[in-house]
Number of protein chains: 2
Amino acid sequence: MNVKTLCLGILTFGDATGYEIKKAFQDKLSQMYDAGYSSIYPALNQLTKEGFVSCRQEAQNKRPDKKVYSITTEGRLFFIEELKKKPAEDKFRSEALTTLMFAHLLPARTTSDLIDSLIASYEQYIQDLSTDCDMKQSHSEKFLCGMGITIRKAAITYMQENRHLIEADALLSQQAAE
Amino acid sequence: MNVKTLCLGILTFGDATGYEIKKAFQDKLSQMYDAGYSSIYPALNQLTKEGFVSCRQEAQNKRPDKKVYSITTEGRLFFIEELKKKPAEDKFRSEALTTLMFAHLLPARTTSDLIDSLIASYEQYIQDLSTDCDMKQSHSEKFLCGMGITIRKAAITYMQENRHLIEADALLSQQAAE
DNA sequence: CTGTGCATGTAAATCGTTACATGATTGC
DNA sequence: GCAATCATGTAACGATTTACATGCACAG
């Protein structure tokens, strides 16, 4: 699912400006996607051309005109068809964990620091999510939020229980080098 | 980390051809990255130009010449510098879970099927990983493998315990529509 | 007076995927 | 006979990111 399709999806919750759509990305989809204005605005223009959204312009004093987008019937049908397609495989990508695959090139200390900060960032992530998970209205959002927390909690526990495997390796190869 | 940098990383384990590098991606990095030949071959050519790898050509009978790449000292230094950079944030992306955010647009049945097949695909993933986790030699690889399994196990448990939240919503909105 | 929020966009660069292009060998 | 493995690449397309470009209002 690309930014264009997701903009359409966000508009199924109600009309919005490009600016508000960006906020919706942060609100509802931040765990999975992030989109910048430079993806959103061109996407909305294309969707308008394709007839999947309509746009009404609202004048404002001392601000650029607000362009409020609404999804059209065709847009809604198109989006539902997209949803019915077999979803792409889930992907979990961690540069930090990838770095550990090359631990043999780094000082033992660096490896340990890396794991420490990864755990710390997960803990921070859990805290942030917990806070706004409570504020979520829909069950879907709560579900997704809870999933994010669950996964990271499991990851932290795993790292704490198994980090010694990598750290022992790092120390050994360092001693060998000395 | 992009394909180019990762090719360099793979070459720190030993010389390899483009073909073998692709296998290494599947072997060592499949959880995080995948690269096709059309990313790898141009990357190797660029790395050669930049002096980060060297290449010796080996003739073969009835096959294209084999090009065996080795990382150079500059390449190794460059890669280590890349490793020391602050890693990008971890990302977990699931189209299936994203679809659930739009469950209000789908029949209740579709939502349930989606969760079922997500759980099934995670179970499959765990099985596949478990098999070749045992065959891994290095602790780093085992660590990463175990992480992949742990996360998916936690996710399955979470989904089983919380799916009723979404499924109840879906049924309600469906009844309302009837 | 500085940062955050509101509000819109374009241009260029980077990166990756899909499709195309070739061709022998080996195992089932 | 057909699929998989070995072996290399290019061209076109699609998607996203980064940098550029503007400007007022309001709170601390």
Side-chain angles (χ1 to χ4, degrees), chain A residues 1-10 15-27 29-30 32-50 53 55-69 82 85-86 88-89 91 93 95 98, chain B residues 1-11 15-27 29-30 32-50 53 55-69 82 85-89 91 93 95 98:
Chain A
M1 277 217 273
N2 54 22
V3 171
K4 208 170 104 185
T5 311
L6 287 169
C7 285
L8 212 46
I10 286 166
D15 297 356
T17 65
Y19 190 83
E20 289 165 340
I21 287 174
K22 173 142 164 66
K23 277 194 299 184
F25 264 96
Q26 282 156 3
D27 252 44
L29 300 173
S30 63
M32 302 294 170
Y33 296 91
D34 191 31
Y37 293 124
S38 47
S39 306
I40 291 169
Y41 286 119
L44 287 169
N45 286 328
Q46 263 191 276
L47 287 168
T48 308
K49 262 189 228 160
E50 291 164 348
V53 305
C55 170
R56 61 173 189 281
Q57 212 139 340
E58 284 176 14
Q60 294 189 117
N61 47 338
K62 316 248 190 174
R63 291 254 171 87
D65 285 4
K66 203 190 262 195
K67 288 186 179 176
V68 184
Y69 292 91
E82 288 296 307
K85 283 187 187 169
K86 193 172 94 59
E89 275 222 344
K91 225 172 240 179
R93 173 167 294 185
E95 267 195 22
T98 304
Chain B
M1 280 218 270
N2 55 21
V3 171
K4 207 170 106 185
T5 311
L6 287 168
C7 285
L8 212 48
I10 286 168
L11 289 172
D15 297 355
T17 64
Y19 190 82
E20 289 164 341
I21 287 173
K22 172 139 164 67
K23 276 195 299 184
F25 266 97
Q26 281 155 4
D27 253 44
L29 300 173
S30 63
M32 302 294 171
Y33 295 92
D34 192 32
Y37 293 123
S38 48
S39 306
I40 292 169
Y41 287 119
L44 288 169
N45 286 328
Q46 264 191 273
L47 288 168
T48 307
K49 262 190 230 159
E50 292 164 348
V53 304
C55 170
R56 62 173 189 281
Q57 212 140 340
E58 284 178 13
Q60 295 190 119
N61 47 339
K62 317 249 188 173
R63 290 254 172 84
D65 285 4
K66 205 190 256 194
K67 288 186 179 176
V68 183
Y69 292 91
E82 288 296 308
K85 284 188 187 167
K86 193 172 93 60
E89 275 223 344
K91 224 172 240 179
R93 172 167 295 186
E95 268 195 20
T98 305

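So you know, we letter chains A, B, ... as the sequences are listed, proteins then strands, and number each from 1. This one's a predicted model, so the numbers in the text were calculated from it and none came from an experiment.
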Asks: Just the table, please: protein N/O against nucleotides 17-22 of chain D N/O, every pair under 3.5 Å.
Replies:
from: D:dT18; atom 1: O4; to: A:Ser38; atom 2: OG; distance (Å): 2.7

Asks: Check side chain to side chain donor-acceptor pair (under 3.5 Å) between A:Glu50 and all other residues, then give those that pass, not counting sequence neighbours.
Replies: A:Lys4
Asks: Does B:Tyr69 or A:Lys4 map to a spot on DNA chain D nearer the 5' end, using the closest nucleotide for each?
Replies: B:Tyr69
Asks: If the threshold is 4.0 Å, N to carboxylate O, is there a salt bridge linking A:Glu95 and A:Arg93?
Replies: no
Asks: If an axis is fit to five pairs at each end of the helix from C:dC1-D:dG28 to C:dC28-D:dG1, what is the angle between the two, to the nearest 10°?
Replies: 50°
Asks: Who passes side chain to side chain donor-acceptor pair (under 3.5 Å) against B:Asn2, sequence neighbours left out?
Replies: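 B:Asn2 satisfies side chain to side chain donor-acceptor pair (under 3.5 Å) with B:Thr5 once adjacent residues are dropped.
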Asks: Taking side chain to side chain donor-acceptor pair (under 3.5 Å) as the definition, give me every residue that meets it alongside B:Ser38, ordered by chain and number, with sequence neighbours left out.
Replies: none
Asks: Report the residues that fulfil side chain to side chain contact (heavy atoms under 4.5 Å, CB included) with A:Asn45, sequence neighbours left out, ordered by chain and then residue number.
Replies: A:Tyr69
Asks: When you compare the protein's N or O atoms with those of nucleotides 2-5 of chain C, which come within less than 3.5 Å of each other, and at what distance?
Replies:
none

Asks: Which residues pass the side chain to side chain contact (heavy atoms under 4.5 Å, CB included) test with B:Thr98, not counting sequence neighbours?
Replies: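 With neighbours one apart ignored, the set is A:Met1, A:Leu6, A:Leu29, A:Met32, A:Tyr33, B:Phe102.
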Asks: Please output the side-chain donor-acceptor pairs of residues 19-27 of chain A that fall under 3.5 Å, not counting sequence neighbours, one pair per line with the distance.
Replies:
from: A:Glu20; atom 1: OE1; to: A:Thr17; atom 2: N; distance (Å): 2.9

Asks: Excluding sequence neighbours, so at least two apart, what forms side chain to side chain donor-acceptor pair (under 3.5 Å) with A:Lys85?
Replies: A:Glu82
